[in-house]
Amino acid sequence: MARTSKYQAQNTAIPAAQKEWRAGLYIRLSREDGDKIESDSVSSQRAMLEKFVADNEFLNLTDYYVDDGWSGTDFERPAFKKMMSDLTAKKINCVIVKDLSRFGRNYIEAGKYLETVFPLLKVRFIAVNDMIDSVSNPQSMNTVIVPFKNILNDEYCRDISMKVRSALDIRRRQGKFIGSFAAYGYKKCETDHNKLVIDEEAAQVVRQIFSLFLSGNSIIGIARILNGRGVLNPSEYKRGKGLNCAKGSGFWVDSTVRRILTNELYIGNLVQKKNQTVSYKVHLSKSVQTSERITVERTHEAIISKEDFEKVRNLLSRDTRVSPKSGRLSLFAGFVKCADCRRAMVRRTVIQPYKTYEYYICSTYRKMNSKACTKHAIRADALEEVVLTVLNKYVSVAVDYDRLSEKIKSADRANDAMQRFKAELAAKQAEIAKAQNLLTDIYPDFKAGIISKAQYFALKEKYENMAARAEDAAEQIRSEMERYSNGLDGNDGFIKSLKKYNGLQKLTREIVVELIDNIFISEGGGVEIHFKFKDAFLSAREFVEKGGFEYKAENLQ
């Protein structure tokens with residue numbers, strides 16, 4: 001005698017017109033939800049459901065609906081949508097799942113379908129492992145067990161989501177790369193996919209982008225140059241390497257260039273968690289505030305020097321305008337400002353029959369005429385000549401400072417200076433020891449009742465301050481000794497930067513970016529240049545003078 005399942009026995013009570021059910025098997029798997037591959041794989045779910053249908057004569061297998069790799073926290077899944085379309089079209093009228101967690105892990109949405117949508121469409125719902133059948137056992141749908149299980153499934157997914165986020169943050173803080181694809185210019189290490197190594201072919205393009213920007217090209221101008229050269233944009237480059245990246249327009253655009261110019265990844269820093277999903281139920285991505293992003297420095301080899309990266313960052317913060325005809329930034333774009341209103345100067349061109357003139361005027365004056373500021377006009381060629389002249393003076397002095405530095409380090413006076421530093425340091429260390437001894441001595445006096453509590457705390461504060469002042473002074477002396485020992489090498493590299501421009505004949509955008517902070521123009525054409533190395537220059541002069549040489553550079557701002 002053939003075996004009869006409990007579902008067949010229960011179906012005998014169903015009217016004959018309702019005994020034939022066109023069944024759709026719904027299968028879902030998502031590792032994101034913490035699904036166990038061994039027990040919940042697509043193949044194992046399929047085998048179980050097929051056997052269930054075969055054991056029940058009134059169920060006719062009509063179609064399969066498989067969402068492999070789709071989260072159960074929402075119902076925006078392609079196979080699920082197809083199944084709902086077939087239910088509406090009456091192609092199927094029965095949905096069979098392994099258990100409620102396969103149907104979904106959002107208890108609100110799951111409840112809506114099970115309690116409202118399916119009953120209205122007269123759909124039979126079966127969850128095999130949960131012993132739920134809306135037709136053969138209606139009570140199984142009407143107990144508190146169903147919503148309770150849906151809540152547990154939802155809570156399980158929430159818990160997994162929190163654990164996954166926490167685990168990913170730990171790996172990020174360890175400096176491990178956890179993205180799907182390495183950023184343009186890098187690739188994943190073959191032996192360690194959490195480490196980035198330079199992709200030299202793409203890295204060359206990254207270097208070109210920084211070089212073009214520092215030489216005066218605008219962001220949109222760089223995009224045009226790259227497109228004109230036929231350089232593949234990042235997404236197309238990755239697709240060409242066999243990576244399954246989303247297909248874009250295929251062209252370089254300004255946002256792509258800007259993203260590269262502002263990405264700390266290229267100086268060896270790993271900045272992660274720039275975006276994250278709103279919640280485990282809402283799979284939309286939102287930007288994370290800069291302060292909450294996870295940055296780990298020096299995790300991989302840099303493509304761009306930190307100095308060049310900072311130059312670019314500084315330039316991007318300036319208000320610059322691109323020449324419509326050339327597509328390039330002018331020599332002083334973003335650097336020339338009005339000495340009175342401190343607003344940017346704008347460059348204007350005057351075309352005469354015999355010559356074309358370029359000059360700068362105050363932007364406040366241009367917008368509001370003479371109501372808020374005056375013209376502060378200066379010809380561009382005259383400004384360039386002034387800046388070049390002043391810069392060459394600084395270069396000349398820098399070369400002399402470097403020569404004197406070497407002479408100081410090789411002369412007997414160097415030993416004399418170091419001996420003086422050592423004597424000063426020893427005196428400060430003696431002061432520290434004296435203060436510490438006094439602190440030690442007053443405590444027994446306090447315990448013996450020789451001094452009062454108030455006197456003890458007053459003396460304690462006095463001697464602690466004495467020790468702190470002496471320690472600060474000692475630290476300054478140590479710094480002086482180190483700097484003196486190194487000569488001018490510790491002055492932020494400004495000597496090296498200036499020496500390479502010895503005999504400078506013409507200014508370039510790169511030189512302006514590297515050496516100048518701002519140029520202020522006074523009414524009448526006065527020029528005040530603020531160089532980036534001014535403090536280092538003063539420090540160098542102090543070093544030279546302490547070495548026994550008196551060197552006064554005249555007319556240096």
- Examine the side chains of Tyr26 and Gln45 and answer whether a donor and an acceptor come within less than 3.5 Å of each other. no

- Item | Residues Asn233 and Tyr184: side-chain donor-acceptor under 3.5 angstrom | no

- Message: Whether Arg207 and Glu200 form a salt bridge (side-chain N of Lys/Arg under 4.0 Å from carboxylate O of Asp/Glu) is what I want to check.
- Response: yes

- Message: Distance check, rounded to the nearest 0.5 Å: Ile126 atom CD1 versus Cys94 atom SG?
- Response: 4.0 Å

- Query: Is Arg46 positioned over the aromatic face of Tyr64, cation under 6.0 angstrom from the ring centre and no more than 45 degrees off axis?
  - Reply: yes

- For Lys91 and Asp63, which heavy atoms make the closest approach, and how far apart are they? NZ-OD2, 3.3 Å

- Answer yes when Lys500 and Glu514 have at least one side-chain N-carboxylate O distance shorter than 4.0 Å, and no when they do not. yes

- Quick one: does Val97's side chain get under 4.5 Å of Val128's, heavy atoms only? no

- Query: Quick check: does any side chain N or O of Tyr266 sit under 3.5 Å from a backbone N or O of Lys306, one acting as donor and the other as acceptor?
  - Reply: no

- Query: Can you tell me how far NZ of Lys149 sits from OG1 of Thr143, rounded to the nearest 0.5 angstrom?
  - Reply: 8.5 Å

- Task: Indicate the ring-plane relationship of Tyr113 and Phe118, choosing parallel, tilted or perpendicular according to the 30° and 60° boundaries.
- Result: tilted

- CA sep, side-chain torsions, deciding dist, call: Ile96, Leu59, side-chain contact (heavy atoms from CB on, under 4.5 Å): CA-CA 10 Å; Ile96 306 176; Leu59 295 176; 4.0 Å; yes

- Judged by atom type as modelled, is there a donor-acceptor pair below 3.5 Å linking the side chain of Asn194 to the main-chain atoms of Phe177? yes

- Should we say atom CD of Gln204 is surrounded by more than 12 heavy atoms from elsewhere, each under 6.0 Å from it? yes

- Item | Any donor-acceptor pair under 3.5 Å from Ser140 side chain to Asp133 backbone | yes

- Message: So which atom in Arg77 and which in Gly72 form the shortest heavy-atom distance, rounded to 0.1 Å?
- Response: NH2-O, 3.6 Å

- Would Lys81 and Glu76 pass as an ion pair if we require N to O under 4.0 Å? yes

- Arg258 atom CZ, neighbour heavy-atom count above 12 within 6.0 Å: no

- Could you give the distance from NZ (Lys311) to CD (Glu510), rounded to the nearest 0.5 Å? 8.5 Å

- Say whether, by atom type as modelled, one donor and one acceptor occur between the side chain of Asn269 and the main chain of Leu265 under 3.5 angstrom. no

- Please step through side-chain contact (heavy atoms from CB on, under 4.5 Å) for the pair Asp254 and Val257, ending with a clear verdict. CA-CA 5 Å; Asp254 56 343; Val257 175; 5.7 Å; no

- May I ask you to test the Asp517-Phe531 pair for a side-chain heavy-atom distance under 4.5 Å? no

- Message: Walk me through whether Val123 and Asn93 qualify under side-chain contact (heavy atoms from CB on, under 4.5 Å).
- Response: CA-CA 5 Å; Val123 173; Asn93 59 2; 5.5 Å; no

- Message: Counting C-beta onward and ignoring hydrogens, is there a side-chain heavy-atom pair between Arg509 and Leu315 closer than 4.5 Å?
- Response: yes

- Item | Interatomic spacing from CG in Leu25 to OH in Tyr65 - rounded to 0.5 Å | 9.5 Å

- Item | Heavy-atom side-chain contact between Met48 and Asn129 under 4.5 Å | yes

- Under 3.5 Å: donor-acceptor pair, side chain of His193, backbone of Ile178: no

- Message: For Trp252 versus Val231, what's the shortest heavy-atom pair and its separation?
- Response: NE1-O, 3.0 Å

- Query: Heavy-atom distance under 4.5 Å between the side chains of Leu270 and His300, does that happen here?
  - Reply: yes

- Task: Answer yes when Lys532 and Glu310 have at least one side-chain N-carboxylate O distance shorter than 4.0 Å, and no when they do not.
- Result: no

- Task: Work out which heavy atom in Ile516 is nearest to a heavy atom in Phe335; give both atom names and the distance.
- Result: O-CE2, 3.2 Å

- Message: Under 3.5 Å, is there a donor on one side chain and an acceptor on the other for Ser41 and Ser44?
- Response: yes

- Message: Is it the case that atom CD in Gln289 sees more than 12 heavy atoms from other parts of the structure closer than 6.0 Å?
- Response: no

- Message: Counting the benzene-type ring for Trp, do Phe75 and Phe103 have ring centres under 6.0 Å apart?
- Response: yes

- Item | Spacing of Arg343 atom CZ and Ser363 atom OG [to the nearest 0.5 Å] | 4.5 Å

- Query: Where is the tightest heavy-atom contact between Ile260 and Phe210, given as atom of each residue plus distance?
  - Reply: O-CZ, 3.6 Å

- Could you check if a side-chain atom of Lys273 sits within less than 4.5 angstrom of a side-chain atom of Arg172, using non-hydrogen atoms only? yes

- Task: Under the side-chain contact (heavy atoms from CB on, under 4.5 Å) rule, what do Leu226 and Val205 come out as? Steps first, then yes or no, please.
- Result: CA-CA 9 Å; Leu226 295 174; Val205 180; 4.2 Å; yes

- Task: Verify whether one side chain among Gln272 and Arg171 offers a donor that lies under 3.5 Å from an acceptor in the other.
- Result: no

- Give a yes or no answer on whether the side chain of Asp99 reaches the backbone of Ser101 with a donor-acceptor pair at less than 3.5 Å. yes

- Item | Pair Asn217-Ser215, side-chain donor/acceptor within less than 3.5 Å | yes

- Note on the structure: In terms of heavy-atom contacts, Ile198 and Tyr186 come closest through CG1-CE2, 3.7 Å

- Does Arg313 make a cation-pi contact with Phe309 (under 6.0 Å, within 45 degrees of the axis)? no

- Task: Taking atom CZ of Arg342 as the centre, report whether more than 12 heavy atoms of other residues, nucleotides or ligands fall under 6.0 Å from it.
- Result: yes

- Message: Closer than 3.5 angstrom, by distance alone: can the side chain of Asp130 be matched with the main-chain N or O of Ile132 as a donor-acceptor pair?
- Response: no

- Does Arg124 count as lying over the ring of Trp21, i.e. NZ or CZ under 6.0 Å from the six-ring centre, within 45 degrees of the axis? yes

- Message: I'd like to check Arg293 versus Ser287 (side-chain heavy atoms, cut-off strictly below 4.5 Å). Are they in contact?
- Response: yes

- Any chance you could measure Asp67, atom CG, to Arg28, atom CZ, to the nearest 0.5 Å? 8.0 Å

- Message: Whether Arg478 and Glu471 form a salt bridge (side-chain N of Lys/Arg under 4.0 Å from carboxylate O of Asp/Glu) is what I want to check.
- Response: yes

- Task: Please check if the side chain of Arg22 supplies one atom and the backbone of Lys90 the other of a donor-acceptor pair under 3.5 Å.
- Result: yes

- Task: Report yes if the side chains of Ile304 and Val312 come closer than 4.5 Å at any heavy-atom pair, otherwise no.
- Result: no

